[in-house]
Amino acid sequence: MSIIKWSDDYSVGVKQIDDQHKKLVELINRLFDAMSLGKGREVMASVFEELRKYTTNHFYTEEKLMVVYGYSEYENHKKKHEDLLNQVNELKSKFDNGDMRITLEVIDFLKAWLINHIQKEDQQYREHFAEKGLS
Ligand code: FEO
């Protein structure tokens, strides 16, 4: 079962980034599956950690492209990434310390930040990368 379905409306027109966004969607769905199927804490911890690491790598990839292709909003976008990563790291620490369970509320939160970010902030560089011939 999936809690998020990839839609081509989310595309930013750059295959490498779209592929990474799809992977992030898949990881949130996997976390949802683990929760729904009542998988143990270890399984959820491992998927959550993969999501955290993949998010870090994804943000790095995007930021690198922004620098290489001279995107003027780089600093602002990077700040948004930092805020999101801080939130994910905080959730992960709470989970690791046993202060939090992975609930639908947590997954809804992750889904909301990911989809909001892809649909709003990431869409803003779409035109810039297209003008630079990135696809
Ligand atoms: Fe796809 Fe700005 O993260």
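Bear in mind the structure is a predicted one, so any value in this text is a computation, not a measurement. For the single chain, residues carry numbers from 1 onward in sequence order.
- Shown here are the side-chain contact (heavy atoms from CB on, under 4.5 Å) partners of T103, two or more places apart in sequence or in another chain: R101, E105, V106.
- A donor-acceptor pair shorter than 3.5 Å cannot be found between the side chains of Q124 and H77.
- Closest heavy-atom contact between Y10 and I118: O-CG2, 3.5 Å.
- Annotation: side-chain hydrogen bond (donor to acceptor under 3.5 Å, both in side chains) contacts of K79 (sequence neighbours excluded): D83.
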- Message: The test is side-chain contact (heavy atoms from CB on, under 4.5 Å); show your working for T55 and L85 and say whether it passes.
- Response: CA-CA 8 Å; T55 303; L85 266 187; 4.0 Å; yes
For residues 28-36, run the donor-acceptor check on the side chains, cut-off 3.5 Å, and write out each pair with its distance to 0.1 Å, sequence neighbours left out.
from	atom 1	to	atom 2	distance (Å)
N29	OD1	I3	N	2.7
N29	OD1	I4	N	2.9
N29	ND2	I4	O	2.8
N29	ND2	V25	O	3.4
R30	NH2	E50	OE1	3.0
S36	OG	F32	O	2.6

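- Judged as a side-chain hydrogen bond (donor to acceptor under 3.5 Å, both in side chains), and not counting sequence neighbours, the contacts of N89 are R52.
- Remark: K78 engages E82 in a salt bridge (Lys or Arg N to Asp or Glu O under 4.0 Å) (not counting sequence neighbours).
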- Task: Begin with the C-alpha distance, continue with both residues' side-chain angles, and end with the deciding distance and a verdict on side-chain contact (heavy atoms from CB on, under 4.5 Å) for L91 and F109.
- Result: CA-CA 10 Å; L91 283 180; F109 167 79; 3.5 Å; yes
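- Here the NZ atom belonging to K80 is positioned 9.0 Å from the CD atom belonging to E73, to the nearest 0.5 angstrom.
- Summarising the geometry, atom CD1 belonging to I115 is positioned 9.0 Å from atom OG belonging to S7; distances are rounded to the nearest 0.5 Å.
- Legend: salt bridge (Lys or Arg N to Asp or Glu O under 4.0 Å) pairs involving residues 4-22, not counting sequence neighbours, sorted by first then second residue: K15-D19.
- Smallest separation of non-hydrogen atoms from Q16 and T61: NE2-CG2, 3.5 Å.
- Of the inter-residue distances, the one linking W113 atom CH2 with N116 atom CG reads 11.0 Å to the nearest 0.5 angstrom.
- Counting non-hydrogen atoms of other residues, nucleotides and ligands closer than 6.0 Å to OH of Y60 gives a total of 12 or fewer.
- Taking S93 as the reference, nothing meets the side-chain hydrogen bond (donor to acceptor under 3.5 Å, both in side chains) condition, with sequence neighbours excluded.
- Residue-environment remark: NZ (K39) stays at or below the threshold of 12 foreign heavy atoms within 6.0 Å.
- For Q123, the side-chain hydrogen bond (donor to acceptor under 3.5 Å, both in side chains) criterion is met by no residue, not counting sequence neighbours.
- Counting side-chain heavy-atom gaps under 4.5 Å among Ile, Leu, Val, Met, Phe, Trp and Tyr, the cluster of V68 also holds V12, V14, I17, L65, M66, V67, Y69, Y71, Y74, Y125, F129, L134.
- The stretch residues 84-96 participates, sequence neighbours left out, in these salt bridge (Lys or Arg N to Asp or Glu O under 4.0 Å) pairs: E49-K92, K92-D96.
- Counting only residues at least two apart or on different chains, no salt bridge (Lys or Arg N to Asp or Glu O under 4.0 Å) pair has a member in residues 106-129.
- Remark: H21 pairs with H58 by the ring-ring contact (aromatic ring centres under 6.0 Å, His included) rule, at least two apart or across chains.
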